[in-house]
Amino acid sequence: MLLFDTLSRSERNLTPIDGTTFRFYCCGPTVYGPAHIGNFRTFVLQDVLRRTLETGGTRTLHVRNITDLDDKTIRDSQAAGQALTAFTAGWTEKFHADCEKLGLLPPHIEPGAVEHIPQQIAMIQELIGKGNAYPSGDGSVYFKISSFPAYGRLSRLDERELDLGKTQNTRSSSDEYEKDSLSDFVLWKARRPEDGENFWPSPWGEGRPGWHLECSAMIKEYLGDSFDLHSGGVDLIFPHHENEIAQSECSCGGQFAANWFHITHLLVDGRKMSKSLGNLYTLADLAAKGFTAMEVRYVLIGAHYRKPLNFTLDSLSGAREALAKLAKGARQLASKIEPGTVVTSADFGPFLPAWESLTHDLNTPGALGGIFTGLREAANLTGPDAAAALTGMNRILRALGITLPELADNESTVIPSAIQALADARWAARLAKNWAESDTLRAQLLEQGWLMKDGKEDFTLSPAG
RNA sequence: GGCGGAGUAGCCAAGUGGUAAGGCAAUGGUUUGCAAAACCGUCAUUCGAGGGUUCGAUUCCCUCCUCCGCCUCCA
């Protein structure tokens, strides 16, 4: 499949560099609070990428870290009066629960920074040994940007009027930090009082690793020096991913990630999401408004990953209707298939355009459109052709990670006896053609949250949406 | 200010140098006592504004307006 690569700014074919398994790394959540739908746009799109590769027959190795050691996790664990690991374990558990609701496949490996301190120290030692890093007077270690000429390629730093450390000593302007250059970034942070119990011994004294280094060290541990793809939100391009490239390429001397996959931020009601605007939603917030995680997922894949997505509650309602329409379409298609029909075609049938959208730079909205169009075309198919079409549709849905809702099943709904009595009374009034009485009782039922629909022979009751 | 990205119907949103997918909403019809559901239809001469190139631009170029991201630890 083709995917746009941030570094080369071109679409590239995603072929595993080891010839068998597509190995990729995603920067995971910082576990100091509940993840919001902005975070999940990124994780959902990464999940769709993985599912699409797997649907296309490519084996994957998916590594996504948990950021459990940084300023925020330390600060908030202390505020909560908890040990860091207990604090982050709680939020990690909540994150996993949300992921499962959203239908995200669990990564094959999910490392945390705290458990990889030795690997991080080893990488720093290697960088110091190669002249790419230096300890400062206070026990911190910094990466020397001037030692890596390629610094800034990912984010086009050279064109951004920043001090790249390529000029001479600027210590006079940065006496607070003992850095050679203002733009050098920290690999190891010397212990400070506000770190509390969260420090580790190192050759440079007690302290803790810097955030950028955590990812580089874990990538090296699980994916080696070179791997197929690195991913995260666009905000990570600079400085996080730029710094990872510098650390890792200096450490291994070769290429780091072969492709870079960055997901654009979403907007909420046309504005950027923020707590102060009151438009920052978590899955729990939306569940409280009656929306399911699958409806959220549908909205999140409803725009191309390199374009802003305007998230609204209306679009969630629309997602509910759209999902129901898909479920009905699938059921109608299935109803035309003789039991025991064997599907021999591995083709996508009328859903081929949807698949092509997906494999061309992960055009998820194009694929969704293609499903509806394909469904219309599939309406004329019968027997084995219908069976093949349904198989194709299900493969697309699996790639998108969409689970269709169960269609309303009257028998599985528990109806309170009072409601049943009211409904029976109305049915009797209706049969007696007592329309006024009938309409009044129906309104009463609706008031109590039940929708009564009349059929030829009988009626159905369902909870009002 | 620098760099990167976006502006397509009431809303969400694809796409393309050759005349605008899809979803939601709305609306007409069939059906229904009336509804709901279901089914069949309708729904952008137009793609932020203004120029330019072209036989032809929403798609390429220029200018302007608006919005978003990054500019040292935010997905």
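Convention: sequence-line order gives letters A, B, ...; per-chain numbering from 1. Reckoned from all heavy atoms, side chains included, excluding hydrogens, waters and symmetry mates.
- Side-chain contact between A/W200 and A/R208 is present, with at least one heavy-atom pair separated by less than 4.5 Å.
- Using cut-offs of 30° and 60° for the angle between ring planes, the A/H116 and A/Y222 rings count as perpendicular.
- Atom NZ of A/K336 has more than 12 heavy atoms from other residues, nucleotides or ligands within 6.0 Å.
- At distances below 3.5 Å, at least one donor-acceptor pair connects side-chain atoms of A/S315 with backbone N or O atoms of A/T312.
- In terms of the ring-ring contact (aromatic ring centres under 6.0 Å, His included) criterion, A/Y298 has no residue partners (sequence neighbours excluded).
- Dense packing is recorded around CD of A/E377, with more than 12 heavy atoms of other residues, nucleotides or ligands lying under 6.0 Å away.
- No more than 12 heavy atoms of other residues, nucleotides or ligands shown are found within 6.0 angstrom of CZ on A/R153.
- Within the nucleic acid shown, A/H265 comes within 4.0 Å of at least one base atom, counting heavy atoms only.
- In this structure the side chain of A/L461 reaches within 4.5 angstrom of the side chain of A/Q420, judged on heavy atoms.
- Regarding A/R75, its CZ atom lies at a distance of 12 Å from the C1' atom of B/C73, rounded to whole Å.
- In the displayed structure, A/R271 atom CZ is contacted under 6.0 Å by at most 12 heavy atoms of other residues, nucleotides or ligands.
- A cation-pi arrangement is present between A/R306 and A/F4 under the rule of less than 6.0 angstrom and at most 45 degrees off the ring axis.
- Here the side chain of A/P239 is nearest to one of B/A75, B/U72, B/A14, namely B/U72.
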### Task
Apply salt bridge (charged side-chain N to carboxylate O under 4.0 Å, His left out) to the pair A/D184 and A/K144, showing each step before the final yes or no.
CA-CA 6 Å; A/D184 286 352; A/K144 190 179 187 63; 5.5 Å; no
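- A/L236 comes within 4.0 angstrom of sugar-phosphate atoms only, judged by non-hydrogen atoms across all strands, and of no base.
- Centroid-to-centroid, the aromatic rings of A/H241 and A/H212 stay 6.0 Å apart or farther.
- Between A/K307 and B/G5 there is no side-chain polar atom (N or O) within less than 4.0 angstrom of OP1 or OP2.
- Taking the charged nitrogens against the carboxylate oxygens, A/D454 and A/R426 do have a contact shorter than 4.0 Å, which makes a salt bridge.
- Rounded to a whole angstrom, the distance from the C1' atom of B/A57 to that of B/C47 is 11 Å.
- Note on A/L267: only backbone sugar-phosphate atoms sit closer than 4.0 angstrom, heavy atoms only; bases stay farther off.
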### Nucleic acid footprint by protein, nucleotides 33-42 of chain B - heavy-atom cut-off 4.0 Å, B for base, S for sugar-phosphate alone
BBBBSSS---
### Pairing string, 5' to 3', for RNA chain B - Watson-Crick or wobble contacts under 3.5 Å, brackets [ ] where pairs cross, | to another strand
(((((((..(((.....[...))).(((((.......))))).....(((((..]....))))))))))))....
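- When the C1' atom is used for both B/U72 and B/G10, the distance is 43 Å, rounded to whole Å.
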Under 3.5 Å donor-acceptor pairs involving side-chain atoms of residues 40-47 of chain A, not counting sequence neighbours:
unit_1 : atom_1 : unit_2 : atom_2 : d
A/R41  : NH1    : A/T264 : O      : 2.8
A/R41  : NH1    : A/H265 : O      : 3.3
A/R41  : NH1    : A/K307 : O      : 3.1
A/R41  : NH2    : A/H304 : O      : 2.8
A/R41  : NH2    : A/K307 : O      : 2.8
A/Q46  : NE2    : A/S231 : OG     : 2.8
A/D47  : OD1    : A/L105 : N      : 2.9
A/D47  : OD2    : A/R51  : NE     : 2.7
A/D47  : OD2    : A/R297 : NH1    : 3.1
A/D47  : OD2    : A/R297 : NH2    : 2.8

### Message
How would you summarise protein contacts on nucleotides 19-25 of chain B per nucleotide, using B for base, S for sugar-phosphate only and - for none, with heavy-atom distances below 4.0 Å?
### Response
--BSSSS
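- The side-chain heavy atoms of A/T6 and A/L154, taken from C-beta on, include a pair separated by under 4.5 Å.
- Residues satisfying the side chain to side chain donor-acceptor pair (under 3.5 Å) test with A/D98, not counting sequence neighbours, are none.
- Taking atom CG of residue A/L362 and atom C1' of nucleotide B/A14, one finds them 14 Å apart after rounding to whole Å.
- Within residues 93-105 of chain A, no residue has any heavy atom closer than 4.0 Å to RNA chain B.
- For the ring-ring contact (aromatic ring centres under 6.0 Å, His included) test, no residue two or more places apart in sequence or in another chain qualifies with A/F311.
- To the nearest whole angstrom, the two P atoms, one in B/U46 and one in B/A20, are 11 Å apart.
- Taking the six-membered ring where tryptophan is involved, the planes of A/F148 and A/Y151 are perpendicular, since the angle between them exceeds 60° and thus also 30°.
- Within a 6.0 Å radius of CD in A/E93, other residues, nucleotides and ligands contribute 12 heavy atoms or fewer.
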For nucleotides 26-30 of chain B, give me every protein contact, N/O to N/O, under 3.5 Å, one pair per line with atom names.
none

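- Residue contacts shown for A/I371 are absent, as no nucleic acid heavy atom lies under 4.0 Å away.
- Nucleotides B/C68 and B/U63 are separated by 22 Å at their P atoms, to the nearest Å.
- The side chain to side chain donor-acceptor pair (under 3.5 Å) check on A/T382 picks up nothing, with sequence neighbours excluded.
- Taking atom P in both B/C55 and B/C40, one finds a spacing of 46 Å when rounded to whole Å.
- Within residues 349-359 of chain A, no residue places a heavy atom under 4.0 Å from RNA chain B.
- Across the protein-nucleic acid pair, A/Q120 atom CD and B/C73 atom C1' stand 14 Å apart, rounded to whole Å.
- One can place CG of A/N310 at 12 Å from C1' of B/G7, the figure rounded to the nearest angstrom.
- Rounded to an integer number of Å, the gap from A/K189 NZ to B/U72 C1' is 11 Å.
- A/V186 comes within 4.0 angstrom of a base, heavy atoms only.
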### Message
Let's go through A/K189 and A/D70 carefully: what are the C-alpha distance in whole Å and the side-chain angles of both, what is the deciding distance for salt bridge (charged side-chain N to carboxylate O under 4.0 Å, His left out) to 0.1 Å, and is it a yes or a no?
### Response
CA-CA 10 Å; A/K189 306 176 90 158; A/D70 76 330; over 6 Å; no
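- Residues from residues 29-50 of chain A lying near RNA chain B, meaning a heavy-atom separation below 4.0 Å, are A/T30, A/H36, A/G38, A/N39, A/T42 in numerical order.
- Taking the six-membered ring where tryptophan is involved, the planes of A/F227 and A/H230 are tilted, since the angle between them lies from 30° to 60°.
- Between A/N243 and B/U72 there is no side-chain polar atom (N or O) within less than 4.0 angstrom of OP1 or OP2.
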